[in-house]
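Down below is the structure, laid out as structure tokens.
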Amino acid sequence: KSSNVCKSQPEQPLNSQNVKSIILGENDEVISGMVSKDNQLGYSFEAKSGQTLQYKTDDEICVWIFSPDQSFSFCSVARR
């Protein structure tokens with residue numbers, strides 16, 4: 001996102017058809033997809049307290065991470 005600022009919540013709700021379930025393991029996982037303002041993509045995965053999620057993207061995009069009950073959320077401009 002060119003302004004380097006993400007809103008605390010996405011502007012549009014994520015369509016459940018655009019959510020892919022993934023399994024995180026010990027090895028690096030390479031997943032690719034196309035996103036835009038009108039085409040969002042989500043991933044669902046299980047995690048435990050204390051685990052670290054690292055991600056990398058070639059473009060500046062907003063990334064939101066939510067807990068299953070929506071009690072925790074995190075957002076950032078990703079380009080790592």
Side-chain angles (χ1 to χ4, degrees):
K1 192 164 171 143
S2 60
S3 66
N4 289 331
V5 176
C6 293
K7 297 186 179 203
S8 62
Q9 298 283 328
E11 292 180 17
Q12 299 177 19
L14 180 61
N15 183 330
S16 62
Q17 294 177 340
N18 292 341
V19 177
K20 298 177 182 181
S21 180
I22 60 173
I23 297 173
L24 301 179
E26 301 270 330
N27 300 322
D28 289 346
E29 185 82 22
V30 177
I31 301 170
S32 63
M34 298 293 294
V35 295
S36 68
K37 182 178 179 183
D38 299 320
N39 182 29
Q40 301 172 350
L41 181 59
Y43 296 99
S44 172
F45 55 89
E46 290 187 24
K48 295 178 184 170
S49 179
Q51 283 184 308
T52 302
L53 174 67
Q54 295 180 356
Y55 52 87
K56 180 173 92 173
T57 177
D58 293 332
D59 297 305
E60 290 184 348
I61 60 172
C62 292
V63 174
W64 289 272
I65 300 172
F66 297 95
S67 64
D69 64 0
Q70 304 289 316
S71 64
F72 170 79
S73 66
F74 169 80
C75 122
S76 74
V77 175
R79 188 176 188 142
R80 300 181 190 194

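Note that the coordinates shown come from a computational prediction; the quantities given were computed from them, not determined experimentally. The analysis underlying the following values was restricted to heavy atoms, covering all of them including side chains, and did not include hydrogens, waters or symmetry mates.
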Restricting to side-chain contact (heavy atoms from CB on, under 4.5 Å), what partner residues turn up for Ile23, sequence neighbours left out?
none
Measuring from Lys20:NZ to Ser44:OG, what's the distance to the nearest 0.5 Å?
13.0 Å
Residues which pass side-chain contact (heavy atoms from CB on, under 4.5 Å) with Gln12, listed by chain and number, not counting sequence neighbours:
Asp38, Gln40
Closest heavy-atom contact between Tyr43 and Ser32?
OH-O, 4.0 Å
Can any side-chain N or O of Asn39 pair as donor or acceptor with the backbone N or O of Met34 at less than 3.5 Å?
yes
ILVMFWY clustering at 4.5 Å (side-chain atoms), partners of Val19:
Leu14
With a 3.5 Å distance limit and no angle check, can you tell me whether Trp64 reaches the backbone of Cys6 through a side-chain donor-acceptor pair?
no
Whether the side chain of Asp59 engages the backbone of Ile61 through a donor-acceptor N/O pair (distance < 3.5 Å, no angle test) should be reported.
no
